Amino acid sequence: MTGVEQTAGRATGAGPVLLGVRHHGPGSARAVRAALEEVRPRVVLIEGPPEADALIPLAAGEEMRPPVALLAHAVDEPGHSAFWPLAEFSPEWIALRWALAHHVPARFIDLPATHTLAWGRQDDEAATAGERPPPAGTAPDGDTGPGPAELRIDPLAVLADAAGYDDPERWWEDVVEHRGAGEGDALAPFTALEEAMGALRETYGSGGHDRDLVREAYMRLQVRAAQREFEDGVAVVCGAWHVPALRQKTTVAADRALLKGLPKVRTDMTWVPWTHRRLARTSGYGAGIDSPGWYGHLFSAPDRPVERWLTKVAGLLRAEDRIVSSAHVIEAVRLAETLAAMRGRPLPGLSETTDAVRAVMCEGSDVPLALIRDRLVVGDELGEVPPSAPAVPLQRDLTRLQRRLRLKPEALERELELDLRKENDAARSRLLHRLRLLGIAWGEPAASRGSTGTFRETWRLRWEPELSVRVAEAGVWGTTVLSAATAKAEADAVGAEGLAGVTALAECCLLAELPDALPTVMRVLADRAALDTDVGHLAQALPALVRSLRYGDVRGTDTAALAEVAAGLAERVFVGLPPACAALDADAAEEMRGHVDAVHGAVALLGDAPAAGHGRLRGRWQSVLRVLSGRDTVPGVIRGRAVRLLLDDGQLAQDEAALLMGLVLSPGTPPADAAAWIEGFVGGGSGGGMLLVHDERLLGLVDAWLTGVPAEAFTDVLPLLRRTFSAYEPGVRRTLGELVRRGPGTGGGATTTGTATPGFAADFDTERADAVLPVVRLLLGLDDMDDNTEDNNLAGVTG
């Protein structure tokens, strides 16, 4: 046979039946089902990678629920992959299900993935080298191809423009989605669409999609092979753009010549869950549709699709506490039908129903429409695949853990609160941390609500389809989540460039509970800490180590080695910090102040770790702060912060702090340096505003200095002062303003005895203070502790 004579006629000697479709089109899906019922072919050929033929039987089971996708990835490079998504309204899915239900063979006939993935790799290499990649990407009928997508001729846009439409989606809805599936002739829609595409191919050729010529040559060869086996009982379901090319008469030799020398890469293939959101163009995995949720509704609604859709919309708005009645639904239906009639459309489409919802249910506001588009028009439907689908061992272990821990992957984002004192929650935390270390970002840590303790964690979970690729990539590290995370942590530690990266990795190892990886990480950490002489790097690393000690406490992990490294790191920071703070410009001084705060917090958090020598470290650190507070070569912002930290720790009397402030704010100090000192002392979100409120002596010093700043210098210090005081809460700023208006006194305000200052009593009101003690004891749980102690003592006596 030198050519393939193909028509849209029946399989009665006129050649194979070509069913040209739009991928993910519900109208095309209905038409394909009707055509297959009428033609009853002996074999169904479907556009798709032939490596997936062995996976077709899995589509017959109830455990396979679309949307799903065929995933192909390179064996030696799992991150290099391609997807072929299928929804319940995809014509290809309908063809698969029909063939399986009628015990008819089904085969994929597109170019093998082994070639398309190799093409994608060439494109990536060309892009990396700065070259223009060869033509590739998204085919005009909605195919998703690997490699860079470069839009060329869009046949639907051309046909819509010829029909006077400015929106291809609306044109497609009018001519296909809202029409019957061939009234009396199931093949009529395909005949009309084939004629239109034939005219376009005559005008535009390949339309700029040169690789389609190779794909179509392969498909012609597969059709010929099926004809030899099944004679005329062949039906082909493919993108409408390809139908004229499959009709074209070519020789076998010519088609094979186009396939000669194609690059190859070893490939694995499986089914993976997909989502409606990933079917939308905006997702990055475009499939040619803007509204998968709307298309799914059109396909599944048995009748009255507009009424059913607007009822769904009303239900969503009611769930969001908006007042929507049955009368609103009735009026919205009437308005949608009226708009469709005025616009000359056979049925109301998405634009008409959206306009009706905006006018009737949303009172003209577009804000609720964004919710409707996100939840209904696009949607978060997540498919399922059977456990028997091929998967890398790591995926199987992950699936087992998800079931055991009752963590079901979901497309809709949700928050998960974990109490690490509970074994199941602790196991969930370990799994999520291990996955993050492997680059599988199923969960993202979030700020906990209601508690800042280390025994609580909050996660935002959302399963995205491409995470299946990340799992395949991570499979090179091990066959289980634990072994893979351990190997990845060890490799990352050895390859880490900076000290901060290794300390962060140590923290991850404790969070993920990877005891086998921790010795390697600690060895690398000790080596890097010994060689790194940058005080800034050491100061950045110390807080992460201290946090790791706290995590180890709540998880029951042995962190003695970590405490020793933290203590040694702290000692090196203490020695190197004073000289490192000398002669810094404004930006470097601000950065170093952040390091000082971080080290101060780390030293305070070391707690009772025996190996850390807590008392000795805290005394050494306070000595360092005293050195910083008194050196003129240290920038004012650091000196001021050192004084404040000593005052907060009770290592500096208020009189001494006031004396130091008075010296700094004396006329002999340059105004800019004095302003920087104030920024360090009471700025940076350190509660300095409340300090000034309760110690009017300090407020008076600041006020007196500020009023004495020369006019020519005031504009220079004003931005720094505005930054300092604008960080205070409105109530604090208001109180400070009142105190300044009254004129701050020279006494200690509420913190001193003697003559009362306006706004404050002369001394503490002990009666009012005692009244809050029961509430404080209740909040701290001290009453329960006392009860337990009494019970224990009583038990000891009676025992």
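Here the structure is a predicted model, which means the values were calculated and not measured.
Using a 4.0 Å cut-off between charged nitrogen and carboxylate oxygen, D53 and R107 do not count as a salt-bridge pair. A salt bridge links D374 with R277: at least one charged nitrogen is closer than 4.0 Å to a carboxylate oxygen. The pair E216-R247 does not meet the salt-bridge criterion, since no charged nitrogen lies less than 4.0 angstrom from a carboxylate oxygen. Classification of E229 and R224 as a salt-bridged pair fails, no side-chain N sitting under 4.0 Å from a carboxylate O. A salt bridge links D380 to R462: one of the charged nitrogens lies within less than 4.0 Å of a carboxylate oxygen.
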request  = Walk me through it: do Q402 and W463 pass the test side chain to side chain contact (heavy atoms under 4.5 Å, CB included)?
outcome  = CA-CA 12 Å; Q402 288 170 334; W463 186 266; 4.0 Å; yes
ask   = Between S81 and L71, does a side chain to side chain contact (heavy atoms under 4.5 Å, CB included) hold up when you go through it step by step?
value = CA-CA 7 Å; S81 58; L71 163 63; 3.8 Å; yes
Criterion salt bridge (Lys or Arg N to Asp or Glu O under 4.0 Å) on R33 and E38, from CA distance to verdict = CA-CA 9 Å; R33 183 161 53 193; E38 180 173 321; over 6 Å; no
message = Before you tell me yes or no, could you show the steps for L111 and W119 under side chain to side chain contact (heavy atoms under 4.5 Å, CB included), namely the whole-Å CA-CA distance, both residues' side-chain angles and the distance that decides it to 0.1 Å?
response = CA-CA 11 Å; L111 190 69; W119 266 346; 3.5 Å; yes
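In terms of heavy-atom proximity, S28 sits nearest to P91 at CB-CG, 3.6 Å. Heavy-atom minimum distance, L298 versus P26: CB-CG, 4.4 Å. When all heavy atoms of L382 and R65 are compared, the closest pair comes out as O-NH2, 2.9 Å. Taking each heavy atom of L505 and A489 in turn, the nearest pair found is CD2-O, 3.2 Å. Here the shortest heavy-atom pairing between L117 and V265 reads CB-CG1, 3.6 Å. The two residues C238 and H242 make their nearest non-hydrogen contact at SG-CB, 4.3 Å.
No side-chain heavy atom of P49 sits less than 4.5 Å from a side-chain heavy atom of P112. Contact check for H23 versus S90: no side-chain heavy atoms found under the 4.5 Å cut-off. Side-chain contact between P67 and E88: absent, with no pair of heavy atoms (C-beta onward) separated by less than 4.5 Å.
Between S483 and T480, the side chains place a donor N or O and an acceptor N or O closer than 3.5 Å (distance only, hydrogens not considered). Side-chain contact of T250 with R220: a donor-acceptor pair under 3.5 Å is present, judged by distance alone. Judged purely by distance below 3.5 Å, without hydrogens or angles, the side chains of R345 and S351 pair a donor atom with an acceptor atom. No hydrogens or angles considered: nothing links the side chains of T191 and E195 as a donor-acceptor pair under 3.5 Å.
Residues W98 and H102 place their aromatic rings such that the two centres sit under 6.0 Å apart. Under the 6.0 Å cut-off for aromatic ring centres, F108 and W84 do not qualify, their centroids lying 6.0 Å or more apart.
E51 places a side-chain N or O within donor-acceptor distance of the main-chain N or O of T114, the cut-off being under 3.5 Å. Proximity of a side-chain donor or acceptor of R40 to a complementary backbone N or O of E37 within less than 3.5 Å is detected. Judged by distance alone, the side chain of T270 and the main-chain N or O of P390 form a donor-acceptor pair under 3.5 Å. Between the side chain of R201 and the backbone N or O of G205 there is at least one donor-acceptor pair closer than 3.5 Å. A donor-acceptor pair is defined here as one N or O able to donate and one able to accept, closer than 3.5 Å; no such pair exists between the side chain of T479 and the backbone of G475. Checking side-chain atoms of D268 against main-chain N and O of H73 turns up no donor-acceptor pair under 3.5 Å.
Heavy atoms from other residues, nucleotides or ligands lying under 6.0 Å from CD of E231 number 12 at most. Environment of CZ in R400: crowded, with over 12 heavy atoms of neighbouring residues, nucleotides or ligands closer than 6.0 Å. Annotation: R403, atom CZ; neighbour count of heavy atoms from other residues, nucleotides and ligands within 6.0 Å does not exceed 12.
Under the 30°/60° scheme for interplanar angles, the aromatic rings of F89 and H276 are found to be tilted.
Of the listed residues (V385, V392, I440, V272), just one forms a side-chain contact (heavy atoms from CB on, under 4.5 Å) with S468, and that residue is V272.
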